[in-house]
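Note that this is a predicted model, so its numbers are computed, not measured. Naming: A, B, ... by sequence-line order, numbering from 1 per chain.
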There are 2 protein chains.
Amino acid sequence: MPGDEEQVFRDFLAQKGRRWTPERQAVLREVFAHHDHFDAEELHRRLRERGLAVSRASVYRTLGLLVESGLVAEVFVEDGHMHYEHVYGHEHHCHLRCLGCRRIIEFRDEALPQVEARLAAAHQFQVTGHKLEVYGWCAACRGKQG
Amino acid sequence: MPGDEEQVFRDFLAQKGRRWTPERQAVLREVFAHHDHFDAEELHRRLRERGLAVSRASVYRTLGLLVESGLVAEVFVEDGHMHYEHVYGHEHHCHLRCLGCRRIIEFRDEALPQVEARLAAAHQFQVTGHKLEVYGWCAACRGKQG
DNA sequence: GCCGTTATTGAGATTCTATATCATCTATTT
DNA sequence: AAATAGATGATATAGAATCTCAATAACGGC
């Protein structure tokens, strides 16, 4: 499946009557070229640095479509704006964040599918996903708090 | 403890060398007068409607202090901006959100303290909190998706 | 392959959230 | 009461994200 993201996105677009364009391809490839968290402006900057002149408007528009398609997820707000990560081809994971150095550790916990199942049953919900952020202080930053 | 929030906030301010002012009192009282989620502009509007002329700047500043003190929590981003709730005097809870009607159901799950404990042990973290959002489609909105 | 329809693009303007500035004011200490 | 230092509010500013609209290009039909 990894590497398939382009076909998945093209299918998603086709199914919605939207078009596959060089700009969307450039954004998609840039998003899947790195494995770290990013924001819209950074994505725009990296594309320009590569010589791919995709406008800011198209970057934001494509990012919205990528989130809608499920290939990319909104991860957290930091410095007043959203940060993203690509999720297609990766096992679902959550984030442990240090309040001191802002380091982010990804983790998986087997309890979460069970939490989802309990909620679905208790509230007649069709649960499609979750976002868990755990925060605290890493060993190195302990003591800096307060 | 409920009703104590004013004293807790005053202590928090004193300990930081900050001052207790009529504006901060007005904001605190408004925040604890309702049990629903709110955003900064709504809080500002409600204060003005009550005839309490607290400036937008002071509303934002006080909200920041309330979050810092732990009396109020950032809950989620919707419509491009942060939403809050007061948490002092309430058991910690998480949010189940319907992607259709945007209804929010609060829930508690006993698995989360265990998740926190596992993370603390595995990564030498001093965990101070977590934020879990589960999303999906409620019974009434099922079928509206896609 | 060409044509027509219609989504897409990009530059710039706009909207909106949130913070910064700074002169004035006020809580608190001595 | 005077001095110190934090707080307030009107306004300006920064920044994120969206909207506008004319020009362009993707895609389906022929």
Side-chain angles (χ1 to χ4, degrees), chain A residues 6-7 9-31 37-48 50-69 72-84, chain B residues 6-7 9-31 37-48 50-69 72-84:
Chain A
E6 196 163 308
Q7 194 54 53
F9 194 41
R10 293 185 72 154
D11 291 347
F12 167 82
L13 291 172
Q15 176 229 328
K16 296 202 56 156
R18 317 294 296 274
R19 293 169 185 170
W20 175 245
T21 67
E23 289 80 7
R24 288 179 179 164
Q25 183 181 56
V27 171
L28 177 69
R29 290 192 174 171
E30 188 61 38
V31 164
H37 304 110
F38 63 92
D39 58 52
E41 292 299 321
E42 184 183 338
L43 181 56
H44 183 231
R45 184 177 47 70
R46 289 205 303 224
L47 284 161
R48 294 199 96 83
R50 281 198 177 205
L52 298 165
V54 181
S55 72
R56 173 173 286 106
S58 286
V59 169
Y60 276 97
R61 281 187 292 233
T62 304
L63 207 38
L65 289 167
L66 286 168
V67 170
E68 201 185 328
S69 75
V72 169
E74 297 182 333
V75 185
F76 51 77
V77 174
E78 193 165 86
D79 299 324
H81 59 271
M82 189 58 73
H83 289 69
Y84 304 84
Chain B
E6 197 163 310
Q7 195 54 53
F9 194 42
R10 293 184 72 154
D11 291 347
F12 167 82
L13 291 172
Q15 176 230 328
K16 295 202 56 154
R18 318 295 295 275
R19 293 173 184 164
W20 175 244
T21 67
E23 289 81 6
R24 289 178 178 164
Q25 183 180 56
V27 171
L28 176 71
R29 289 193 175 171
E30 187 61 39
V31 164
H37 303 110
F38 63 92
D39 59 50
E41 291 301 322
E42 184 184 338
L43 180 56
H44 182 231
R45 183 179 46 71
R46 290 204 303 223
L47 283 162
R48 295 198 94 83
R50 281 198 176 201
L52 297 164
V54 181
S55 71
R56 174 174 284 106
S58 286
V59 169
Y60 276 96
R61 281 187 292 234
T62 304
L63 206 37
L65 289 167
L66 286 168
V67 169
E68 202 185 327
S69 76
V72 169
E74 298 182 332
V75 185
F76 52 79
V77 174
E78 193 165 88
D79 298 323
H81 59 271
M82 189 57 72
H83 289 70
Y84 303 84

Whole-Å gap separating P (dC27(D)) and CD (Q15(A)): 16 Å

Relative to the 5' end of DNA chain C, which residue comes earlier, H81(B) or P22(B), by the nucleotide with the nearest heavy atom? H81(B)

Under 3.5 Å, is there any donor-acceptor pair linking the side chain of R61(B) to the base of dG6(D)? no

Does S58(A) make a side-chain N or O approach to OP1 or OP2 of dG10(C) shorter than 4.0 Å? yes

Which one, dT9(C), dG9(D), dA18(C), comes nearest to the side chain of E23(A)? dT9(C)

Whether S58(A) side chain and V54(A) backbone form a donor-acceptor pair below 3.5 Å: no

In whole Å, I'd like the distance from the CG atom of L63(B) to the P atom of dT8(D). 13 Å

Please report, rounded to the nearest Å, how far the C1' atom of dG15(D) is from the NE2 atom of H83(A). 13 Å

So R56(B), base contact, sugar-phosphate only, or nothing? Heavy-atom distance under 4.0 Å. nothing

Is there a side-chain polar atom (N or O) of Y60(A) under 4.0 Å from OP1 or OP2 of dT18(D)? no

Between atom CD in E74(B) and atom C1' in dA18(C), what is the gap in whole Å? 12 Å

Is it true that Y60(A) and H44(A) have ring centroids separated by less than 6.0 Å? no

So W20(A) and F9(A), would you call those rings parallel, tilted or perpendicular, with 30° and 60° as cut-offs? perpendicular

Among dC27(D), dA26(D), dA17(D), the nucleotide that comes nearest once only the side chain of T21(A) is considered: dA26(D)

Side-chain donor/acceptor of R19(A) to base of dT6(C), under 3.5 Å: yes

Closer to the 5' end of DNA chain C via nearest nucleotide, is it W20(B) or A57(A)? A57(A)

If you measure from CZ on R24(B) to CG on L13(B), what distance do you get to the nearest 0.5 Å? 5.5 Å

Interatomic distance where CG belongs to L13(A) and P belongs to dG28(D) [whole Å]: 12 Å

The side chain of R18(B) is closest to which nucleotide in this list: dA7(D), dG10(C), dG9(D)? dA7(D)

H44(A) NE2 to dG15(D) C1', straight-line distance once rounded to whole Å: 15 Å

Between L47(B) (CG) and dT8(D) (P), how many Å, whole number? 12 Å

Distance in angstrom units between M82(B) CE and dC16(C) C1', rounded: 16 Å

Would you say Q7(B) and D11(B) are linked by a side-chain donor-acceptor pair, where the criterion is simply a distance under 3.5 Å? yes

Of all the choices, dT17(C), dG6(D), dG9(D), which nucleotide is nearest to the side chain of E41(B) once you look at every atom? dT17(C)

